[in-house]
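Note on naming: letters A, B, ... go to the chains in the order of the sequence lines (proteins, then strands), and numbering restarts at 1 for each one.
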Number of protein chains: 2
Amino acid sequence: MNPRAGQTKKRTRIQAKNEAKILEAALDIFATFGFRGTTIDQIAQKAEMSKPNLLYYFRRKEDIYISVLERTLDEWLTPLTELDPDGDPIKEIGKYTSLKLQMSQNDPTASRLFANEILHGAPMIEHVLKGSLKDLVDEKAAVIHHWVKSGKLTKVDPYHLIFMIWATTQHYADFKIQMRAILGDEVDQADYFEKAGNTISTVFFEGIKPR
Amino acid sequence: MNPRAGQTKKRTRIQAKNEAKILEAALDIFATFGFRGTTIDQIAQKAEMSKPNLLYYFRRKEDIYISVLERTLDEWLTPLTELDPDGDPIKEIGKYTSLKLQMSQNDPTASRLFANEILHGAPMIEHVLKGSLKDLVDEKAAVIHHWVKSGKLTKVDPYHLIFMIWATTQHYADFKIQMRAILGDEVDQADYFEKAGNTISTVFFEGIKPR
DNA sequence: TAAATTCCTGACCATTTGGTCAAATTAACG
DNA sequence: CGTTAATTTGACCAAATGGTCAGGAATTTA
């Protein structure tokens with residue numbers, strides 16, 4: 001019987017193993033080629049199984065895509081949840097930025113997957129953006145707003161500050177190819193992301209106008 | 001006879017009109033759905049002509065895509081060329097940032113088109129990135145480096161500073177849907193980009209650490 | 001106006017691709 | 001071991017899609 005038909009039947013070992021294998025392969029392919037650019041055959045090949053067998057676990061291409069998105073979303077939102085209202089503002093924002101940059105370094109596919117989805121109008125995850133993401137951002141924007149009010153930060157709009165952090169850090173995952181075209185293999189060296197982090201925090205904290 | 005077969009025959013009025021119509025329609029569609037996500041039929045419908053007629057002007061889907069990319073590339077690089085080595089560094093970078101942000105506001109499709117292309121590995125424009133783009137960036141990075149050396153700017157890496165400017169400004173085109181999900185219709189108001197610009201220049205110039 | 005050229009279209013084709021299905025194979029279990 | 005359920009596969013289908021082509025309509029040119 002099809003495993004996804006019988007709601008929450010007991011999950012077999014084989015089932016768990018194959019589903020994981022599929023999702024792992026799918027993340028890579030979807031992140032590179034987008035939803036429409038990806039074929040089921042590609043995923044099946046990368047997951048080392050036949051197409052009908054893959055479709056035995058996920059009935060439709062869309063099901064795989066949604067599963068991959070959901071799986072990555074949690075991980076993606078975690079860093080922001082850790083922004084501590086009681087911590088030192090500069091340190092907290094520094095930690096957050098650094099964490100996001102690390103994610104761009106260690107798991108660029110996740111970033112590219114979302115970039116693709118959003119660029120194409122976010123047809124599958126719009127409700128998440130308007131739901132849990134918006135709630136989380138609203139909450140943390142309030143925290144930042146409070147920091148600004150109490151004079152611990154320069155007067156900036158909290159939302160746009162968050163957008164700036166997202167933009168700069170995710171850029172290192174999404175546009176890495178452009179960076180490599182300009183800087184060469186340097187972008188694959190170990191100290192590249194360190195340099196990036198230094199520049200980002202210098203600009204964010206001090207600004208480029210000499211004091 | 002097919003207009004693209006006879007190299008540089010005299011361009012007809014009809015030809016010029018239809019080619020422009022096609023490229024305009026194609027920009028929109030390609031920017032939204034990416035190369036593989038776009039069908040020739042979609043472009044033909046938006047350009048108000050039949051598919052065979054469209055293929056009379058551009059023999060292959062790829063030809064349209066490349067034309068659209070090339071057409072937008074020049075416009076895209078212009079602002080950076082205007083960074084004046086003899087101007088005031090803060091003013092020059094402010095002008096550049098503001099110009100790029102304006103482009104995200106007025107022509108977000110162009111930004112999305114490139115984002116798509118680069119996300120997918122830049123298969124069509126890699127040579128441009130490694131060529132004229134790299135040259136231009138190298139040149140302007142040298143200018144910024146000089147500004148830093150002479151103490152007119154905080155000590156930052158020129159390349160990463162340029163990347164930061166690209167990231168923050170283009171984010172307002174590429175991720176507008178996410179912003180709208182979080183902020184609502186505010187993002188379509190006239191003063192939204194003004195607020196964005198203010199935040200960006202405050203952070204870039206002053207930093208978020210209070211003086 | 002008549003010939004030549006450009007422009008346009010409906011019909012058509014080959015390939016790709018998402019998805020199905022019956023039947024074979026393997027694993028699980030009493 | 002034998003029965004039952006889960007897994008895998010090759011063959012197949014229908015729709016979508018990139019692209020072709022012969023010929024008709026419109027436009028330019030002589």
Side-chain angles (χ1 to χ4, degrees), chain A residues 1-26 28-30 32-69 120 123-124, chain B residues 1-26 28-30 32-69 120 123-124:
Chain A
M1 193 198 190
N2 190 297
R4 302 190 69 82
Q7 297 289 3
T8 2
K9 275 284 182 74
K10 197 167 44 178
R11 279 168 59 95
T12 317
R13 276 177 30 249
I14 298 180
Q15 197 179 133
K17 190 193 71 179
N18 280 346
E19 280 182 12
K21 213 169 167 185
I22 292 169
L23 291 178
E24 195 193 344
D28 236 51
I29 309 286
F30 279 133
T32 308
F33 302 103
F35 179 71
R36 290 203 50 185
T38 294
T39 72
I40 301 182
D41 272 316
Q42 275 177 296
I43 303 176
Q45 198 175 342
K46 181 143 197 163
E48 292 172 301
M49 65 180 71
S50 67
K51 183 171 72 167
N53 194 22
L54 184 153
L55 286 166
Y56 170 72
Y57 292 100
F58 295 88
R59 293 172 106 117
R60 299 145 105 290
K61 185 183 171 184
E62 208 181 286
D63 292 344
I64 317 174
Y65 187 64
I66 291 175
S67 282
V68 171
L69 275 174
H120 291 45
M124 309 284 185
Chain B
M1 197 200 190
N2 189 300
R4 300 189 71 83
Q7 298 289 5
T8 359
K9 276 285 182 71
K10 198 168 43 181
R11 278 168 60 95
T12 317
R13 275 178 31 251
I14 299 180
Q15 195 179 136
K17 191 192 71 178
N18 280 347
E19 281 182 9
K21 215 170 168 186
I22 291 169
L23 291 178
E24 193 192 346
D28 236 51
I29 309 285
F30 278 133
T32 308
F33 301 103
F35 179 71
R36 292 204 46 185
T38 294
T39 71
I40 301 181
D41 271 316
Q42 274 178 296
I43 303 175
Q45 198 175 341
K46 180 141 200 166
E48 292 171 302
M49 65 182 67
S50 67
K51 182 170 74 165
N53 195 23
L54 184 151
L55 285 167
Y56 170 72
Y57 292 100
F58 295 87
R59 294 170 107 116
R60 314 213 260 125
K61 184 182 172 186
E62 211 181 282
D63 291 345
I64 316 173
Y65 187 63
I66 291 175
S67 283
V68 171
L69 274 175
H120 291 49
M124 309 283 185

What is the separation between atom [atom1] on [X] and atom [atom2] on [N], rounded to the nearest whole Å?
X	N	atom1	atom2	value
A:D41	C:dT15	CG	P	16 Å
A:I29	C:dT17	CD1	P	13 Å
A:F33	C:dT16	CZ	C1'	15 Å
A:Q42	C:dG18	CD	P	9 Å
A:E48	D:dT9	CD	C1'	17 Å
B:I22	C:dC7	CD1	C1'	12 Å
A:F35	C:dG18	CZ	C1'	10 Å
B:N53	D:dC21	CG	P	17 Å

Taking only the side-chain heavy atoms of [X] (C-beta and beyond), determine which of [options] contains the nearest atom.
X	options	result
B:T39	C:dT9, D:dA11, D:dT17	D:dT17
B:I14	D:dT7, D:dA11, C:dC7	C:dC7
A:L55	D:dG19, C:dG19, D:dT9	C:dG19
B:I40	C:dG10, D:dG18, C:dG19	D:dG18

Exercise for review: Please state whether the base of D:dG19 and the side chain of B:K61 form at least one donor-acceptor pair under 3.5 Å?
Suggested key: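 No pair found.
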Phosphate-side-chain proximity, [X] and [N], N/O vs OP1/OP2 below 4.0 Å:
X	N	answer
A:Q15	D:dA6	no
A:R13	D:dA6	no
A:Y56	C:dT20	no
A:N18	D:dT8	yes
B:S50	C:dT9	yes

Check your understanding: Side chain of A:K46, backbone of A:E24: donor and acceptor closer than 3.5 Å?
Key ->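 No, because the side chain of A:K46 does not come within donor-acceptor range (under 3.5 Å) of the backbone of A:E24.
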Check your understanding: Do any N or O atoms from the side chain of A:K61 and from the backbone of A:T38 form a donor-acceptor pair under 3.5 angstrom?
Key ->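 Confirmed, A:K61 side chain pairs with A:T38 backbone.
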Point to revise | Distance in Å, A:L54 CG paired with A:E48 CD, rounded so as to fall on 0.5 Å steps | key: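 A:L54 CG to A:E48 CD: 12.5 Å, rounded to 0.5 Å.
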Review point. Start at the 5' end of DNA chain D and walk down; is the nucleotide closest to A:K51 or to A:R36 reached first?
Key: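 Comparing both residues, the 5'-ward one is A:K51.
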Review point. Do B:I14 and B:Y57 come close enough that some side-chain heavy atom pair is under 4.5 Å?
Key: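 Yes, at least one pair of side-chain atoms sits under 4.5 Å.
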Exercise for review: Could you tell me whether B:Q42 atom CD has more than 12 heavy atoms of other residues or ligands within 6.0 Å of it?
Suggested key: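 More than 12 within 6.0 Å, yes.
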